[in-house]
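Structure, as structure tokens:
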Amino acid sequence: MALRSTASVWGPVVQAFHWGMLLLLLTTIPIGYYMADLPLGPPKLKIYALHKSIGITLLALAAVRLLWRLGERRPAPSPMPGWQRVAAQTTHVLLYVLLFVVPLSGWLYNSAAGFPLQWFRLFNLPALTAANPALKVVAKQVHETGVAVLIALVVAHAVAALKHHFIDRDATLRSMLPLLRSRP
Ligand code: HEM
Ligand code: HEM
């Protein structure tokens, strides 16, 4: 099976990262908003640990995804006004930036707050800094704002993809969908 992207479709590796990471984001973002208001106790600690483990997984996936993507060609975009092409590419770059900023700021916040960090109870990760109350406040702010911007960009990005598919009726969405690949 060809793993690489072609002139008309994104390859299966890019697609697997794309849709797999969307699923993980759809899991960990609701957990993030839900967990803060839980009463203190073991269930809260467990759900924080789950959020952090999925977040670290997303960070690792972002690094591998970016490395793979740097070696990929980009399928030729469907005909569209120049500003839309620039907007789409700028959004993709910003999404990559946020895929790093959000988990790294979470990790920094966790470290500055003096909490330990484990990946699915399998191994410990080091603290990025010693406990630091001032940094903790900044990192938390970056994490929360970063997530809000990420959500806004993903919504805009997904709406644009659907607009291309249903209104412009071009091949943009199909280029990222495995099942519809062969359709003209
Ligand atoms: C892409 C990965 C991640 C996403 C999308 C994400 C998302 C979120 C969201 C939506 C919240 C709630 C924000 C709010 O209340 O305004 C949150 C909070 C939090 N996240 Fe993450 N997060 C990610 C990675 C991480 C990582 C890797 C860590 C730590 C290692 C982490 C630690 C935390 C902590 C400690 C909070 C709670 C802040 C509080 O107590 O209010 N997150 N995250
Ligand atoms: C329902 C949600 C989503 C839909 C419908 C969607 C749709 C698409 C489509 C159709 C493309 C191809 C665009 C083109 O070739 O110009 C694309 C590319 C891309 N999307 Fe999404 N997407 C979604 C969620 C996400 C999420 C959550 C992220 C990351 C946080 C993301 C990041 C990207 C990136 C970076 C690209 C460029 C290709 C790459 O490097 O992976 N998308 N998306």
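Atoms within each ligand, like the ligands themselves, are counted from 1 in listed order.
- Dense packing is recorded around CZ of F100, with more than 12 heavy atoms of other residues, nucleotides or ligands lying under 6.0 Å away.
- Nearest protein heavy-atom contact of atom 5 (C) of ligand 1 is I29 CG1, 3.6 Å.
- Closest to atom 34 (C) of ligand 2, if we only count protein heavy atoms, is R65 NH2, 3.5 Å.
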- Item | Test log, rule side-chain contact (heavy atoms from CB on, under 4.5 Å), inputs T172 and H165 | CA-CA 7 Å; T172 306; H165 192 71; over 6 Å; no
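- For ligand 2, the atoms lying closer than 4.0 Å to a non-hydrogen atom of Y96 are 35 (C), 39 (C), 40 (O), 41 (O).
- Counting protein heavy atoms only, atom 9 (C) of ligand 1 is closest to G32 CA, 3.7 Å.
- N110 contributes a side-chain N or O that, together with a main-chain N or O of P116, makes up a donor-acceptor pair within less than 3.5 Å.
- When M176, H165, M21, R174 are ranked by how near their heavy atoms come to atom 11 (C) of ligand 2, first place goes to M176.
- Listed for the H143 side chain is a donor-acceptor partner under 3.5 Å among the backbone atoms of V102.
- The closest heavy-atom contact to atom 4 (C) of ligand 1, among the options L104, L26, T145, V102, comes from V102.
- Among protein heavy atoms, atom 15 (O) of ligand 1 sits closest to Y33 CD2, 3.9 Å.
- Below 4.0 Å from some heavy atom of A158 lie the following atoms of ligand 2, by number and element: 1 (C), 2 (C), 3 (C).
- Although no hydrogens or angles enter the test, the distance criterion places a donor-acceptor pair under 3.5 Å between the side chain of S53 and the main chain of F120.
- Looking at H143, K136, K52, it is H143 that brings a heavy atom closest to atom 25 (C) of ligand 1.
- The M35 neighbourhood of ligand 1 comprises atoms 18 (C), 19 (C), 20 (N), 34 (C), 36 (C), 37 (C), with distances under 4.0 Å to a heavy atom of that residue.
- Every atom of ligand 1 is numbered from 1 in the order shown, and the set under 4.0 Å from a heavy atom of L25 is 5 (C).
- Ligand 1 places these atoms under 4.0 Å from at least one heavy atom of L117: 30 (C).
- Judged purely by atom type and a 3.5 angstrom limit, D168 has no side-chain atom pairing as donor or acceptor with the backbone of D170.
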- Query: Should T28 and H51 be marked as a side-chain contact (heavy atoms from CB on, under 4.5 Å) after you check the CA-CA gap, both sets of side-chain angles, and the distance that decides it?
  - Reply: CA-CA 6 Å; T28 203; H51 174 78; 3.0 Å; yes
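- Distance from atom 38 (C) of ligand 1 to its nearest protein heavy atom, with residue and atom name: Y109 CE2, 3.6 Å.
- Annotation: atom 29 (C) of ligand 2 to nearest protein heavy atom, L99 CD1, 4.1 Å.
- The two residues I47 and L38 come nearest to each other via the heavy atoms CG2-CD1, 3.5 Å.
- Taking 2.8 Å as the criterion, H92 does not count as a coordinating residue of atom 21 (Fe) of ligand 2, since none of its N, O or S atoms falls below it.
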- Message: Evaluate V138 against V142 for side-chain contact (heavy atoms from CB on, under 4.5 Å), listing each step before the verdict.
- Response: CA-CA 6 Å; V138 176; V142 173; 4.3 Å; yes
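- Seen from the ring of W10, R74 does not count as a face-on cation partner, given the 6.0 Å and 45° thresholds.
- Residue W19 has at least one heavy-atom neighbour below 4.0 Å for each of these atoms of ligand 2: 3 (C), 4 (C), 5 (C), 6 (C).
- Remark: the backbone N or O of K52 is not paired with any side-chain donor or acceptor of W107 at under 3.5 angstrom.
- Across all non-hydrogen atoms, the minimal contact from I56 to W119 is CG2-CD1, 3.7 Å.
- The protein non-hydrogen atom at the shortest distance from atom 26 (C) of ligand 2 is V154 CG2, 4.0 Å.
- Taking 4.0 Å as the cut-off, R74 counts as a neighbour of ligand 2 on heavy-atom distance.
- When A49, P103, G106 are ranked by how near their heavy atoms come to atom 27 (C) of ligand 1, first place goes to P103.
- Atoms NE2 of H18 and NE2 of H157, as seen from atom 21 (Fe) of ligand 2, are separated by an angle of 180°, to the nearest 10°.
- Contact atoms of ligand 2 toward L22: 1 (C), 2 (C), 27 (C) (distance under 4.0 Å to a heavy atom of the residue).
- If you check which protein heavy atom lies closest to atom 13 (C) of ligand 2, you get T172 CG2, 3.8 Å.
- Per-residue contacts place G55 under 4.0 angstrom from the following atoms of ligand 1 (heavy atoms of the residue considered): 2 (C), 24 (C), 27 (C).
- Between the side chain of E72 and the main chain of V14, no donor-acceptor pair closer than 3.5 Å is present.
- Within 6.0 Å of atom OH in Y34, 12 or fewer heavy atoms from other residues, nucleotides or ligands are found, so the atom counts as exposed in its surroundings.
- Distance check: L162 CG to I167 CD1 gives 9.0 Å after rounding to the nearest 0.5 Å.
- Close contacts between ligand 1 and W107 involve ligand atoms 28 (C), 29 (C), 30 (C) [criterion: under 4.0 Å to a heavy atom].
- Listed by number with element, the atoms of ligand 2 under 4.0 angstrom from any heavy atom of R69 are 38 (C), 39 (C), 40 (O).
- For atom 12 (C) of ligand 2, the closest heavy atom belonging to the protein is W10 NE1, 3.5 Å.
- In this structure, Y48 is part of the shell of residues with a heavy atom less than 4.0 angstrom from ligand 1.
- More than 12 heavy-atom neighbours from other residues, nucleotides or ligands sit within 6.0 angstrom of NZ on K163.
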- Given side-chain contact (heavy atoms from CB on, under 4.5 Å), test K44 with M35 step by step and report yes or no. CA-CA 7 Å; K44 179 167 181 151; M35 65 190 191; 5.7 Å; no
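- For atom 39 (C) of ligand 1, the nearest non-hydrogen atom from the set K44, Q118, K140, H51 belongs to K140.
- Those atoms of ligand 2 that come under 4.0 Å of a heavy atom in L95, given as number and element, are 30 (C), 31 (C), 32 (C).
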